[in-house]
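Here the structure comes first, spelled out in structure tokens, and everything after it is commentary.
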Protein chains: 2
Amino acid sequence: MSFRDWQSVQEEVLRRIHAREWRQGELIPTEAELAQEFGCARTTVNRALRALAEAGLLDRKRKAGTRVAAAPVAKATLDIAIIRQEVAARGAKYGYQLIDRSMMRAPAAVRGAMQVTANCKTLHVQALHMANATPYALEDRWIDCEVVPQALVEPFDTISANEWLLQHVPYTHGDIAISAKAADADEAAHLCCPEQAALLAIDRLTWDGTRAVTKVRLLFRPEHELRTEL
Amino acid sequence: MSFRDWQSVQEEVLRRIHAREWRQGELIPTEAELAQEFGCARTTVNRALRALAEAGLLDRKRKAGTRVAAAPVAKATLDIAIIRQEVAARGAKYGYQLIDRSMMRAPAAVRGAMQVTANCKTLHVQALHMANATPYALEDRWIDCEVVPQALVEPFDTISANEWLLQHVPYTHGDIAISAKAADADEAAHLCCPEQAALLAIDRLTWDGTRAVTKVRLLFRPEHELRTEL
DNA sequence: AATGTTTTTATGTGCATACATAATAATTTG
DNA sequence: CAAATTATTATGTATGCACATAAAAACATT
């Protein structure tokens, strides 16, 4: 049996893990040994094992060797796209509707999360994303205008802040939180759902270096699901 | 300026993307060109660019070249661990309590998802995971006993099905769906929260090849958040 | 026995080279 | 001129080799 490319090495290793040939927490053979067994270069084995380690199925430590992850912390990857694309991917017609756009002092909770002072100029944008003319997601966003002065002259009436920011403003990293929230009267009205309905909420805080660029909450209709595989 | 290792090449490429030196959808120099500029081997550049492509920031196609992803589909990775570990990681004391364990014909919706017939022997397990003696998550699980006969003799009174399955039953892949659900009377009672409260629900369907192993729904307390970065 | 030092070893990475592969561009052919 | 063919090219990957690095194990020292 020979496994010449890293994909087939990976598959074989995966098979042994799933078949419990190599047990939880157990040390597996070294790269050199596997390379010999599989009849390929150590580099090839390394590539395969590295990929599996990234996926969380193996734990690797120098000198200590490679072992099957005791608790396979499943890494479920969520693809978070621009909402317009998300809607299009579902085969629905995308619609956008601006609800409100105004300079406003952000509430304390938002200021705290964004780490800005009380008198920081912030722009508040609220908008509705639609799929086939029915509400899809409600966007509630705060933008730090000191960081993104261009936002001041952007009306956000035809292009969503979601999309505009991603295309025009650089960022270094972001935090995401997913939670459930009961719809209040306002949200229920916009999303055309009963009050108190359970909505999926995605909060995103985007940073450029040490400065918060924008904070957004997306509220989805009650049936909405985030799907992924592992 | 020389960038000798793949991490610094990656950083530099990232910097140019964020700084908009290379624009959205724009072609970036070829691996060979970058290798020359950075004074390193093409392999090194390849490693850096490949990692960025996996992260969704670059689109690469043979011959066509590498371009900055037009819509950086953010890949948010959720770490889905065993609940006991999740609780422990929050610095809380883990508790477990079996609510119900019985052979039961699964409802049609469950049978449909698991693709089993109406007379398939299924085990139903319901349990509560606790953090510091307060409810943390409600687990509602169906196990196909034809696929996992060992489950028949497992009481699940001290070790959760969540944990037992992960450690004893092989699987090949799984589907995950995240949604929001309003608590019904039963769920509210178990989780000590008001009826109709918005709960975060994680549904997982685990497969071994073409056969469903188990289907589980985890319901979390209203305040619960899934966090990740990008 | 407790502590510090050296050796060993498995993984991590870089490099030059070679060839594979897919997609495009150029060319030939009907 | 359109269609089929061939060349070109950027990425994808395999290989042997070298050396770096972290961590364990062995050893020496007090």
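Every chain is numbered from 1, with letters handed out A, B, ... down the list of sequences.
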- First contact, last contact: which nucleotides of DNA chain D are these for chain A, 5' to 3', heavy-atom distance under 4.0 Å?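 Nucleotide range with atoms under 4.0 Å of chain A: dT13(D) to dA24(D).
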Identify, with sequence neighbours excluded, every residue that meets side chain to side chain contact (heavy atoms under 4.5 Å, CB included) alongside [X].
X	value
Leu152(B)	Met103(B), Cys145(B)
Arg62(B)	none
Met114(B)	Val110(B), Val116(B), Trp142(B), Asp144(B), Leu205(B), Ala212(B), Lys215(B)

- What is the 5' to 3' range of DNA chain C, first to last nucleotide, that sits under 4.0 Å from any heavy atom of chain A?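 The protein-touched segment is dT8(C) to dT13(C).
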Can you sort out the partners of [X] under salt bridge (charged side-chain N to carboxylate O under 4.0 Å, His left out), two or more places apart, ordered by chain and number?
X	value
Glu86(B)	none
Arg111(B)	none
Glu26(A)	none
Arg42(B)	Glu31(B)

- Message: For DNA chain C, which residues of residues 45-54 of chain B approach it to below 4.0 angstrom with any heavy atom?
- Response: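 Listed by number, they are Arg47(B).
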- Query: Which residue pairs satisfy the salt bridge (Lys or Arg N to Asp or Glu O under 4.0 Å) criterion with at least one member in residues 130-143 of chain B, sequence neighbours excluded?
  - Reply: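 Listed by first then second residue: Glu139(B)-Arg141(B).
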- Item | Touch class at under 4.0 angstrom, heavy-atom based, for Glu33(B) against every strand present |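 Result for Glu33(B) = nothing.
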- Message: I'd like to know if the side chain of Thr172(B) reaches the main chain of Gly209(B), judged simply by a donor and an acceptor atom lying under 3.5 Å from each other, with no hydrogens or angles considered.
- Response: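 Present.
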- Message: Tell me which residues in residues 59-67 of chain B lie within less than 4.0 Å of DNA chain D, going by non-hydrogen atoms.
- Response: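 Going residue by residue through residues 59-67 of chain B, the ones with a heavy atom under 4.0 Å of DNA chain D turn out to be Arg60(B), Lys61(B), Arg62(B), Lys63(B), Gly65(B), Thr66(B).
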- Message: Contact between Arg15(B) and Glu21(B) at the side-chain level, heavy atoms closer than 4.5 Å - yes or no?
- Response: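 Side-chain contact under 4.5 Å: yes.
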- Message: A quick test of your reading: do over 12 heavy atoms of other residues, nucleotides or ligands sit less than 6.0 Å from CD of Gln36(A)?
- Response: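 No, not enclosed.
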- Query: DNA chain C: Ile28(A) or Asp5(B), which has the more 5' nearest nucleotide?
  - Reply: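 Upstream on the strand: Ile28(A).
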